[in-house]
Amino acid sequence: MNSSVIKVSNLMKEYKMGECMVNAVKDVSFEIPKGDFVVVLGPSGSGKSTLLNMVGGMDKPTAGEVWIEDENISKYNLKELTKFRREKVGFVFQFYNLLPSLTAYENIEVASKISNEPLEIDTILQSVELGHRKENFPSQMSGGEQQRVAIARAVVKNPAMLLCDEPTGALDYNTGKLILKLLHKINKDFNKTVVVITHNAAIAGMADRVIKMKSGVIESIIVNEHPISPEEVEW
Amino acid sequence: MVIMLFIKKMARETWRSKAQFLALIIIVTMGVMFFVAINSIHKNLKDSSDKFYKDRRFAHLTVSCFNIPEDVVRDISNIPSVEKVSGRIVKDLKLEINGTTSIIRMVTLPDSDEEIVNDILITSGSYFSAEKDQCIVDEQFFNTHKLKLGDKLKVKINGVEESLSIVGASKSPEFVYQLRDGSQLMPDNKKFGVIYVKESKGKELFNMKDSINNIAILLEDEKNIEEAKKEIQKTVDKYGLIEIAERKNNSSDKMLKAELDELKSLGGAVPVVFYIVALSMMFIIMGRIIETQRAQIGILKAIGYGNGTILSYYISFTVLVGVIGGAVGSVLGMFLGQYFTEIENQFFHLPLSSLKMYPELVLPSVAITILFCILVGYFSSRSIYKILPNEAMKPKAPKGGKKIFIERFKKFWSNLDYKWKITFRNIFRSKKRTLLTAAGVIMSSAVVVVGFGLMDSINYMIDTQMMSSLKYEIRADFTNLASSEELKDIENIDKVKSVEPILETAVRISKGSKSRDVRLTASPEKPQLNKIINKKAEEVILPKEGIIIPKLISADLNIKEGDIVKCKFYYPKNEEKEVKVSKIIEQYMGYSVYCSIDSFKSFIDSEKWTASSALIKVDKLENKKAVEDALKDKAFVRLVETKDDRINNMKDFLGVMTLFTVICFISAAVLSMAVIYNISSINIFERERDYSTLKLLGYKDKEIKGLMLRENMLLTAVASIIGLPIGYFLNMMMLSAVKTEDINFPNVITIRSYLLSIIMILVFAILSNLVVARKISKVDIMETMKERE
């Protein structure tokens, strides 16, 4: 058991949308071992974002459990969830979500300042190849650059896992690939568990493990014995 | 430190929206400034008068007699609780100066400068020297008549003209507010002054060898005043005692105290109104800043920042506003306070200290401001608790496309231009934003209404009340009470159309233990030239018997209609009579009680006296001057005054109030401008995405601005109208705070003021919107569309 960093059992999430209840995630169970590069694949509305939010401690499940490094976070209150996010999770979002009034460096600093064992900001900026952009504001950077800052911000906390919600969704093909390469590199170099949510099936090829979702349930979990390198991914 | 990062973030965001930040600071500054300014005036005057009273030993008790042997001074000083006693001669005399007749009060001082009770403060020149015929003139009279040191004053005493040379000008604690007697309302420095002469000279002038007629007494402790009074009474009773007046009966001190009280209540009421407006505006604005930063809050939460950290970030923003606003407000308030103090001091001639910052005013006001800023910050930012990181980063789900209620009026709706349809939909769909915008505009318009309302009150007092009361052109005051022959004499003057007698005298009205000096005005039963007007601007007819008392005085003395009160008439025989109160009327100013001349005659048991003054109407206005001159030649006429003199005097008296009103009005204008600018800029900021969508659809900047202006202006127009009744009530609150024992300000806001308020708000709104609208051209379509789906 100790080898799985994420363990989800019988997870369920319902919420109200207007007047009807939506069952976004229905009875989902899976485990992810430490250091895996996981792709959660599914069309929009399949519940993958909801699942990611619960795993990342941003949302509470209606039923079921989420275990992260042997801690049951589904029992956590809001305060504990905040602490959990602070220590264990790095998020990357589709629209980067940088703080517009802070520079690239400062955006990363915002995260590093509150973590116990942060990594060196400059090192990370180097590894996302943005050393020269550190004084720039988000509005002065391209989408790809902004997303790299966002990744750096997620990594700097030295979290147990990186959760990425459609990280290439707003980017063009080449930039998207660059980001995938970067995530892959982080997965390997820093031995971080990376979970990427996407509707782009092509990305699944580079994953160690692919969780396919549809209408709130898991269709299949495929363990990829020979993942391809991100350079080979094409769509 | 993560704090540094947040400071950077705040600094940059503040810089980007500096106009908005400035507007917030202005709002807070106004509140603090008013508090500090008004309370500074109060403190300045209070401290100066306390110090002046103490330094110059202002008498606790003043004994006036017809004639007392000088030795009695020593007897009184032997009374245990008495600290110091000074005997003097005080006489009112006539003085011809620069073509006008003035009344001067001649007071004797020791031949050489000693520490006496009611000492004077020499402000220019010096104390008496060896020469005999010297005098010191009170500073106001000195300045008003443009006198110079060395000038000679020619005083007539018992038919003999005396020439006194001026050696100095002075201030006295006894005459801080220079009134001749309790019947006077406003000082008239042209026609009343105090002149000090040497004791030896005074004795010679009035032929009072070893006697005096006035004793000023300083007590060791004011608490023992009642006992001391009794003791003194015993000592002086046999010498023809007129009265023993306490300090609080002194008309100068009384006016000063009344003014201080008024300032105190003003100092409470006005800043509170500004504070309430300022804080609610801050609340609204903060709420909307939070709304626009929802996504950022979401990110911070996702990264792992707790609610406490985020909350304190926003609270520190409001605190920053509070600190800057508090500091700027305190400093401005101090200067404004000093400026006002100097203006007030044109009436109260106190030796003022220099510009002063009062820590006891500034510290609590800044502390309260900051405390309120923390509270406002907390309550406006509390909604961040409800922000869930995953939802905050998604754009809010579009609101349901429900039909708005106006659409039910099918006929109206279907004929509406599409631009108006969009406008109405936007207004009604985002209810929260609409309500918040409206709240800001409503408050602004209410405050502006108050600004206009205060001016209306003063204009009403002067124009409506005074004008409909005073129907004469010239008023002639008699040297002594005049009889009907003298009135006839005036009637016979060429070009005089009509003459009406009026008898004004000071009386002391008392009921139970309370008493008060007021003016008694006796007129014919149906006065034509000096009408008595009540609050409803109706004429009051005098009763056959008894007196009429204005409510302001009756309330003060607890008098009801039909009560019998004691009335002490100083003229002609200083008698006390029991008089019936036949009627109580409501007036805005309560300076005078009224009765008919016939009743007055029966009160004083004399048929002879008819008038103290005559009110004169001339046949043609151009003959006014001629009649004035003719009157001045009459020996029995002491003073000639036109209606304009009187009105100007009143305007001067209300001058402080007018100035205050102007400041209030300007502040209201600045405040509402700040609020409206703020609201417009937030409105546009929040809607950036909508506008870029319109741009994307091919709308020109001009068309988008048109839509935006249409929406904001419609909302502003409606809200500013709603603000009017609120302004009316706010004005009522303010006026009731400003009212004193003597004056009630009427809440009479004119239609013109209401219209001007609306126009002002609309102009502010148009200007702010035009300034803010420039940002629309800068909206980058691609950026905003890309950022979030």
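Sequence lines set the chain letters: A, B, ... in the order given, protein chains first and strands last, and positions in each chain run from 1. This structure is a prediction, so every number in the text was calculated from the model and none was measured.
- Atom NZ of A:Lys83 is surrounded by 12 or fewer heavy atoms from other residues, nucleotides or ligands within 6.0 Å.
- At a 4.5 Å heavy-atom cutoff, A:Tyr105 makes no contact with chain B through either its backbone or its side chain.
- The two residues A:Arg85 and B:Gly304 make their nearest non-hydrogen contact at CB-CA, 4.2 Å.
- Heavy-atom distances place both the backbone and the side chain of A:Thr103 under 4.5 Å from chain B.
- The shortest distance between side-chain heavy atoms of B:Leu5 and A:Lys113 falls below 4.5 Å.
- Environment of OH in B:Tyr314: crowded, with over 12 heavy atoms of neighbouring residues, nucleotides or ligands closer than 6.0 Å.
- Residue A:Ser101 is tested with B:Lys9, B:Glu13, B:Lys8, B:Arg12 for a side chain to side chain donor-acceptor pair (under 3.5 Å); the sole match is B:Glu13.
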Worksheet item: So B:Ile303 and A:Arg86, side-chain contact (heavy atoms from CB on, under 4.5 Å) or not? Walk me through it.
Response: CA-CA 6 Å; B:Ile303 292 174; A:Arg86 175 188 288 227; over 6 Å; no
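- Contacts of B:Ile299 with chain A are made by side-chain atoms alone, with heavy-atom separations under 4.5 Å and no backbone atom involved.
- When heavy atoms are compared at a cutoff of 4.5 Å, A:Leu52 does not approach chain B at all.
- Atom NZ of B:Lys386 is surrounded by 12 or fewer heavy atoms from other residues, nucleotides or ligands within 6.0 Å.
- Here A:Leu99 contributes atom CG and B:Phe6 contributes atom CZ; the two are 8.0 Å apart, rounded to the nearest 0.5 Å.
- The shortest distance between side-chain heavy atoms of A:Ile114 and B:Tyr305 falls below 4.5 Å.
- Only the side chain of A:Lys157 comes within contact range of chain B, judged by heavy atoms closer than 4.5 Å.
- Remark: B:Gln296 CD to A:Leu98 CG distance equals 10.0 Å, nearest 0.5 Å.
- At a 4.5 Å heavy-atom cutoff, B:Tyr385 makes no contact with chain A through either its backbone or its side chain.
- Residue contact with chain B, scored on non-hydrogen atoms closer than 4.5 Å, involves the side chain of A:Phe93 exclusively.
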